[in-house]
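The structure appears below as structure tokens.
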Amino acid sequence: MKRFFARQFIAFMERTARWSPAARARLGRGIGNLLWTLAAPRRRVTLTNLRLCFPQLTEAERIALGRRTFYHIARALVDHGLLATVPREDFDRHVRVEGAQHLTDPANRPLILVAPHFVGLDAGGLAVNTLVRGVSIYARSRNPEWDRWLLDIRNKFNAPLLIQREGFDLRAAVRALKDGLPFYYLPDQDPGERNGIFVPFFGVPAATLPMVPRLAKMAGARVVMCVTEMTPDGYVLH
């Protein structure tokens, strides 16, 4: 049953690719408002984090910020229908790249792109793969239909090397870097106490992976920050 509903939802998302950006944004706002109402545990986590990070805001301001966050997450979900169906010749109209020169290096050193888990991470990853073949990490979804769809999107251009997060193969990542594949690295997931370290985030200790300096040292790589911004009509990869 879950696979059937996933197929129907995916088909609907792909049909929205023909809609205008404003229409997709309205759908995202509606889904975001619905999730804010129904997903009480996620709403509580969001507001707890906002209280920790923004103690200077009023509760009403934090609620407004939380609702905007749910909207942006929902709009990014809707936009996956566009990412799944847009042909290469039209892709640059929806996802622009600023700073593409940082993908090349006269010394031909390996490259790590540190890409935080913002809502445009898949749009940014695809943009990188329109320019160069890269390597990245992915986590499997529990729903096979959803997992297949996301993998098809991420494999769409230049057949990137995707390494499973579960049982992450560090040696495979280092080999790919040394072979010249830029590593689109998504660092900000909680890895647990054994594998992570705690560092200040908005003045609050937060868990993260100390993988970037380790990889950079092992592969002799340079490191570039890589942020994808959601705009009214698409995305910009900085």
Side-chain angles (χ1 to χ4, degrees), residues 3-32 71-104 111 113-141 143-164 176 179-186 224-238:
R3 296 183 67 166
F4 171 79
F5 282 115
R7 285 195 295 268
Q8 298 304 308
F9 186 74
I10 288 168
F12 175 64
M13 289 296 100
E14 292 185 351
R15 284 196 293 272
T16 67
R18 297 189 292 269
W19 297 7
S20 69
R24 289 199 306 275
R26 285 194 295 271
L27 176 60
R29 192 169 302 282
I31 295 174
Y71 154 64
H72 288 130
I73 292 170
R75 201 197 110 181
L77 172 65
V78 174
D79 285 344
H80 273 69
L82 176 69
L83 299 180
T85 58
V86 65
R88 173 65 188 91
E89 58 268 22
D90 293 333
F91 182 81
D92 295 345
R93 291 195 299 110
H94 303 285
V95 186
R96 296 185 291 110
V97 179
E98 293 184 354
Q101 69 273 15
H102 294 295
L103 291 174
T104 58
L111 172 64
L113 299 168
V114 180
H117 271 75
F118 296 161
V119 293
L121 65 90
D122 276 326
L126 270 184
V128 169
N129 282 320
T130 64
L131 302 171
V132 293
R133 181 173 182 251
V135 58
S136 191
I137 304 173
Y138 80 99
R140 283 194 174 277
S141 171
N143 188 299
E145 295 295 329
W146 187 254
D147 188 63
R148 177 195 56 77
W149 191 56
L150 290 178
L151 272 179
D152 285 347
I153 292 173
R154 292 165 183 173
N155 278 306
K156 189 171 182 178
F157 302 126
N158 267 331
L161 173 63
L162 298 176
I163 303 173
Q164 284 193 46
D179 287 342
L181 275 63
F183 192 1
Y184 187 70
Y185 183 65
L186 315 171
V224 174
M225 289 300 298
C226 180
V227 175
T228 305
E229 173 192 6
M230 179 182 282
T231 65
D233 61 348
Y235 297 85
V236 179
L237 173 67
H238 301 279

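Below, all heavy atoms of this structure are taken into account, side chains as well, without hydrogens, waters or symmetry copies.
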Of all residues at least two apart in sequence or in a different chain, which pass the ring-ring contact (aromatic ring centres under 6.0 Å, His included) check with Phe183? Tyr185
When you look at His80 and Ile153, which way does the side-chain contact (heavy atoms from CB on, under 4.5 Å) test go after all the steps? CA-CA 8 Å; His80 273 69; Ile153 292 173; 4.0 Å; yes
In a table with atom names and distances, give each donor-acceptor pair under 3.5 Å that connects a side chain of residues 10-21 to protein atoms at least two apart or in another chain.
from  : atom 1 : to     : atom 2 : distance (Å)
Glu14 : OE2    : Trp149 : NE1    : 2.7
Thr16 : OG1    : Met13  : O      : 2.5
Ser20 : OG     : Ala23  : N      : 3.1

Under the side-chain contact (heavy atoms from CB on, under 4.5 Å) rule, what do Ile163 and Val135 come out as? Steps first, then yes or no, please. CA-CA 8 Å; Ile163 303 173; Val135 58; 3.9 Å; yes
Do any N or O atoms from the side chain of Asn158 and from the backbone of Asn129 form a donor-acceptor pair under 3.5 angstrom? yes
If you look only at pairs with a residue in residues 116-141, which of them pass as a salt bridge (charged side-chain N to carboxylate O under 4.0 Å, His left out), with sequence neighbours excluded? Asp122-Arg154, Arg140-Asp147
Separation of Asn143 CG from Arg7 CZ (nearest 0.5 Å): 9.0 Å
Under the side-chain hydrogen bond (donor to acceptor under 3.5 Å, both in side chains) rule, collect the residues that match up with Thr231, sequence neighbours excluded. Asp233
Pairs of donor and acceptor atoms involving the side chains of residues 87-97, under 3.5 Å and at least two apart or interchain, shall be tabulated with distances.
from  : atom 1 : to    : atom 2 : distance (Å)
Arg88 : NH1    : Asp92 : OD1    : 3.3

dist Tyr138:OH -> Leu162:CG (nearest 0.5 Å) comes out at 7.0 Å
Arg75: partners by side-chain hydrogen bond (donor to acceptor under 3.5 Å, both in side chains), with sequence neighbours left out: Asp79
When rounded to the nearest 0.5 angstrom, what is the spacing between CG in Leu237 and SG in Cys226? 4.0 Å
Check this for me, if you would: do Asp152 and Arg148 make a salt bridge, where the nitrogen-to-carboxylate-oxygen distance has to be below 4.0 angstrom? yes
Would you say Ser136's side chain and Tyr184's backbone share a donor-acceptor pair under 3.5 angstrom? yes
